[in-house]
Amino acid sequence: MSFSLSKIVVSPEGEQLYTFEYAALVTETSITLVKFYVDLGVIEPIGSMLHSREIARIAQIQRLRQDLGLNLVGAAMVLDMATEIAQLRSRLKVHQSH
């Protein structure tokens, strides 16, 4: 099996997108697992491609599952809550500066 890692795909917004194969390679998972995450809605593809933030999410989920023993749903919830907390902190900071 060969991967075309040098192929650059750019979204309409100008962001670089990656194949499921590339995501599996860099996160040391499988294409099947990446597709499973997409099917469950744990990561959100752009067509058949992934943004780098989704690849980072795969890696974070894998780390939470391996290091803390969380199941997939638990790991996804932790990441969603961390994102929400960061957004709320940002809003609070803006509010406090006014």
Side-chain angles (χ1 to χ4, degrees):
M1 177 189 307
S2 68
F3 297 99
S4 64
L5 301 179
S6 63
K7 184 177 178 184
I8 297 174
V9 177
V10 179
S11 75
E13 294 80 24
E15 299 173 313
Q16 191 165 346
L17 302 175
Y18 303 90
T19 63
F20 289 4
E21 292 84 2
Y22 178 81
L25 180 68
V26 298
T27 60
E28 298 179 355
T29 60
S30 67
I31 297 167
T32 303
L33 185 63
V34 173
K35 289 178 181 179
F36 180 67
Y37 284 2
V38 169
D39 291 343
L40 290 178
V42 175
I43 58 172
E44 297 178 17
I46 300 171
S48 62
M49 305 296 285
L50 295 172
H51 190 277
S52 61
R53 70 180 159 264
E54 299 301 322
I55 296 173
R57 185 172 170 88
I58 293 168
Q60 291 169 329
I61 288 170
Q62 291 302 104
R63 190 178 60 227
L64 287 169
R65 293 185 75 195
Q66 292 167 0
D67 295 350
L68 298 179
L70 296 177
N71 64 21
L72 177 58
V73 173
M77 287 178 65
V78 166
L79 294 178
D80 290 344
M81 286 189 293
T83 300
E84 188 171 339
I85 289 168
Q87 290 170 346
L88 290 171
R89 283 182 177 159
S90 177
R91 288 181 192 166
L92 181 60
K93 191 174 186 177
V94 168
H95 180 71
Q96 288 174 339
S97 67
H98 284 94

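Just so you know, these numbers come straight off a predicted model, no measurement behind them.
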- prompt: Could you state the interatomic distance from NZ (Lys35) to OG (Ser48), rounded to the nearest 0.5 Å?
  reply: 9.5 Å
- request: Group every Ile, Leu, Val, Met, Phe, Trp and Tyr by side-chain heavy-atom contacts under 4.5 Å, then state whether Leu40 and Val38 land in the same group.
  value: yes
Verdict with supporting geometry, Ile43 and Leu50, side chain to side chain contact (heavy atoms under 4.5 Å, CB included): CA-CA 9 Å; Ile43 58 172; Leu50 295 172; 4.0 Å; yes
Point-to-point distance, once rounded to the nearest 0.5 Å, from NZ of Lys93 to CD of Gln96: 9.5 Å
- line: Note: Glu21 and Ile31 closest approach over all heavy atoms is CG-CD1, 3.3 Å
field: Verdict with reasoning, Glu15 to Val10, per side chain to side chain contact (heavy atoms under 4.5 Å, CB included)
entry: CA-CA 5 Å; Glu15 299 173 313; Val10 179; 6.0 Å; no
- request: For residues Ser30 and Ala24, report the shortest heavy-atom separation together with the two atoms involved.
  value: C-CB, 3.5 Å
- request: Locate the shortest heavy-atom distance separating Ala23 from Ile55; write the atom from each residue and the value.
  value: CB-CG1, 3.7 Å
task: Calculate, to the nearest 0.5 Å, the distance between atoms CG and CG belonging to Leu64 and Leu70 respectively.
output: 5.5 Å
- prompt: Side-chain heavy atoms under 4.5 angstrom apart, residues restricted to Ile, Leu, Val, Met, Phe, Trp, Tyr: same cluster for Leu68 and Ile58?
  reply: yes
message: Hydrophobic clustering (ILVMFWY, side-chain heavy atoms < 4.5 Å, transitive) - are Ile61 and Met77 grouped together?
response: no
Spatial distance of atom CZ (Arg53) from atom OG1 (Thr83) [nearest 0.5 Å]: 11.0 Å
Arg57 side, atom CZ; Tyr37 side, atom OH - distance, nearest 0.5 Å: 10.0 Å
message: Closer than 3.5 angstrom, by distance alone: can the side chain of Ser90 be matched with the main-chain N or O of Ala86 as a donor-acceptor pair?
response: no
message: Just checking Glu44: does its CD atom have more than 12 heavy atoms from other residues, nucleotides or ligands closer to it than 6.0 angstrom?
response: no
- line: Heavy-atom closest pair (Pro45 atom, Gly47 atom, distance to 0.1 Å) is CB-O, 3.5 Å
- prompt: Is Met49 close to Thr19 at the side-chain level, that is, under 4.5 Å between some pair of heavy atoms?
  reply: yes
task: Would you please test Leu17 and His51 for side chain to side chain contact (heavy atoms under 4.5 Å, CB included) and show each step?
output: CA-CA 5 Å; Leu17 302 175; His51 190 277; 4.3 Å; yes
message: Run Val26 and Tyr18 through side chain to side chain contact (heavy atoms under 4.5 Å, CB included) and show every step you take.
response: CA-CA 11 Å; Val26 298; Tyr18 303 90; over 6 Å; no
- prompt: If you link I, L, V, M, F, W and Y whenever their side-chain heavy atoms are under 4.5 Å apart, who else ends up in the same group as Leu92?
  reply: none
- request: Can you measure from CZ (Phe20) to OG1 (Thr29) and round to the nearest 0.5 angstrom?
  value: 11.5 Å
